[in-house]
Amino acid sequence: MNLRDRMHQEMIEKKIFDQAKEYGFDYADKALDRNVFPSEKAIENLKFFNENLPEKSNNPSDILEMLHQYGAPATTTQVGGRYFGFVTGGTVPAAMAVKMMADFWDQNSGLYAMSPIVSKLETVVENWLRQIFKLPEKTVAAFVSGTSMAILSGLTAARFKILNRLNWNVNIKGLFNAPKIRVVVGKQAHGSVLRALAILGFGIDNIEMVEVDDQGRMLPDQIPALDETTILILQAGNVCTGSFDDFDEICDMAKKANAWVHIDGAFGLWAAAAKGLKHLTRGIEKADSWSVDAHKTLNTPYDSGILLCKDREALVSALQASGSYLIYGDKRDGMLYTPEMSRRARALELWATLKYLGKEGIDELVYGLYEQSLQFAKELKAEGFKILNEVVFNQVLVACENDEITEKTLARIQASGECWCGGANWNGHPVIRISVCSWATTKADISRSVAAFVETRKSITSK
């Protein structure tokens, strides 16, 4: 049997898909209770993947078995309730099911002509996002891989708009000898912002850094005079403290100067969807572009970044691909709004998540993360740990008696498998960074994790 006939037979018989489903269900059944970080044995067993490229085709059942036996144990259980690292959410079951089904569709979502269903659902989700964040009706959405790409896309649109305003078409003339664009950011800007600025040719040394307060919020009175050549980047959710800039006041300043305002809201922008937290995002509608991740706070499967931009013309002019074979029409062609031409239909899971949760469910999910963060901070503080931030959203910043104990406690917690938290440097000192992001996290998960903190610190200090 030739290769094509063999693969056709595998599609018809469906045995390998049943096998994959069985392994997937087995992983899901154990995810809430298993160790968060892989054991030493699981890491060691990754050696079984060390091999030369096979000469001949292999049995797909054996491939699945190998991944299940040696791959699954070496995963970090990010879909469980005790993973608090890198602001990574869990996965809403309905979205996971839609992803499984949509994988069989395997749609390229660049153009309406490629996939009418994806074009339609992107249109629907775009409208829902405008409603959630209360953004202007002319706002368009781009569905990209993550916030890093969303920021890059938004700033590319800003660069085009400002230079075009100065009679310089960057697409044609490039950046050599182009008019200077000013970039103003807070000193606690996320690394993805700085990376996007570097890629776009602004140069880190040219950025105007603004002083921040002890929570990482930009100080409005420290912002330099702005003008129409300025891109001002604000933050909805500091990656360490969870703090939010004063969008209402700062955006008013920027609008008077005709500056472009971009809000980096990877996980924090979703605060706008919770009645008890929406005060944190007051004034965001005054910005020009916004970047946000659905796979963080909203708990969609991974690979679900979103750029929102109120200037469609600037975004399309900056990113539209050309080619006689490309079929643009009067329906939504997602390729217009992203740097990617070919991309998977990631908006399907986002649509499923939003439809499943609805407004009430989104509110409950987002506000619940805040409540669990408060619980985490309260229980740790009661055990003598230092809480270094105002818990305003889903971030808790923790330290022990001194830097050495803090570092050792973090390292042992990460290796223990009980829970997993990230580390950072805050004001020159190492800290433990807790990000509560998953729907699967329970009060018991938090108390169990606090107990791990206490036991770990005790094992260090007793020596």
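For this chain, numbers begin at 1 and follow the sequence in order. Note that the structure is predicted; figures quoted are calculated from it, not measured.
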Peer 1: Apply side-chain contact (heavy atoms from CB on, under 4.5 Å) to residues Thr156 and Leu200 and explain how you reach the verdict.
Peer 2: CA-CA 7 Å; Thr156 302; Leu200 290 172; 3.3 Å; yes
Peer 1: Is Ile306 close to Val144 at the side-chain level, that is, under 4.5 Å between some pair of heavy atoms?
Peer 2: no
Peer 1: Taking the six-membered ring where the residue is Trp, are the ring centres of Tyr367 and Trp270 under 6.0 Å apart?
Peer 2: no
Peer 1: One thing to verify: whether Lys161 and Glu313 come together as a salt bridge, which I'm taking to mean a side-chain N less than 4.0 angstrom from a carboxylate O.
Peer 2: no
Peer 1: Establish, for the pair Arg343 and Phe143, whether the NZ or CZ atom is under 6.0 angstrom from the six-membered ring centre and no further than 45 degrees off its axis.
Peer 2: no
Peer 1: Do Asp252 and Lys256 sit within salt-bridge range, that is, some charged N less than 4.0 Å from a carboxylate O?
Peer 2: no
Peer 1: Considering only heavy atoms from C-beta outward, does the side chain of Val185 approach that of Leu234 to under 4.5 Å?
Peer 2: no
Peer 1: Scan Arg332, Lys120, Lys138, Arg312 and name whichever one has a salt bridge (Lys or Arg N to Asp or Glu O under 4.0 Å) with Glu126.
Peer 2: Arg332
Peer 1: Should Asp445 and Arg82 count as an ion pair when the cut-off is N to O under 4.0 Å?
Peer 2: yes
Peer 1: Tell me whether Glu340 is salt-bridged to Arg346, with the criterion being a basic N under 4.0 Å from an acidic carboxylate O.
Peer 2: yes
Peer 1: Could you walk me through whether Trp260 and Ser289 pass the side-chain contact (heavy atoms from CB on, under 4.5 Å) test, one step at a time?
Peer 2: CA-CA 8 Å; Trp260 181 290; Ser289 56; 3.0 Å; yes
Peer 1: Does Glu349 pair with Arg344 as a salt bridge, N-O distance under 4.0 Å?
Peer 2: yes
Peer 1: Is any NZ, NE, NH1 or NH2 atom of the basic residue among Asp303 and Lys99 found under 4.0 Å from an Asp or Glu carboxylate oxygen of the other?
Peer 2: no
Peer 1: If we count only N and O atoms by modelled type, under 3.5 Å, do the side chains of Glu379 and Gln375 hold a donor and an acceptor together?
Peer 2: yes
Peer 1: Find the distance between SG (Cys240) and NE2 (His190) and round it off to the nearest 0.5 Å.
Peer 2: 8.5 Å
Peer 1: Could you give the distance from CG (Leu219) to CD (Glu211), rounded to the nearest 0.5 Å?
Peer 2: 7.0 Å
Peer 1: Without hydrogens or angle criteria, can the side chains of Asp293 and Thr147 be said to hold a donor-acceptor pair below 3.5 Å?
Peer 2: yes
Peer 1: Check the orientation of Trp420 and Phe37. Use parallel for under 30°, tilted for 30 to 60°, and perpendicular for over 60°.
Peer 2: parallel
Peer 1: Parallel, tilted or perpendicular for His68 and Tyr23, by the 30°/60° rule?
Peer 2: parallel
Peer 1: Is the closest side-chain donor-acceptor distance between Ser435 and Gln395 under 3.5 Å?
Peer 2: yes
Peer 1: Kindly compute the distance separating OG (Ser373) from CZ (Phe393), expressed to the nearest 0.5 Å.
Peer 2: 8.0 Å
Peer 1: Can a donor-acceptor pair be found between the side chains of Arg34 and Thr77 at a distance below 3.5 Å?
Peer 2: yes
Peer 1: Would you call the rings of Tyr302 and His295 parallel, tilted or perpendicular, where under 30° means parallel and over 60° means perpendicular?
Peer 2: parallel
Peer 1: Are a donor atom and an acceptor atom from the side chains of Ser342 and Asn108 found within less than 3.5 Å of each other?
Peer 2: yes
Peer 1: Look only at the side chain of Asn394 and the backbone of Cys437, and say whether a donor-acceptor pair between them is shorter than 3.5 Å.
Peer 2: no
Peer 1: State whether a side-chain donor-acceptor pair under 3.5 Å links Gln215 with Ser243.
Peer 2: no
Peer 1: Any luck finding a side-chain donor-acceptor pair between Asp403 and His429 under 3.5 Å?
Peer 2: yes
Peer 1: May I ask you to check whether Ser449 and Glu418 show a side-chain donor-acceptor distance below 3.5 Å?
Peer 2: no
Peer 1: Sort and list the pairs that fulfil ring pair (Phe, Tyr, Trp, His ring centres under 6.0 Å) and have at least one residue in residues 198-243, not counting sequence neighbours.
Peer 2: none
Peer 1: Flag the pair Thr353 / Asn299 as yes when at least one side-chain heavy-atom distance between them is below 4.5 Å, and no otherwise.
Peer 2: no
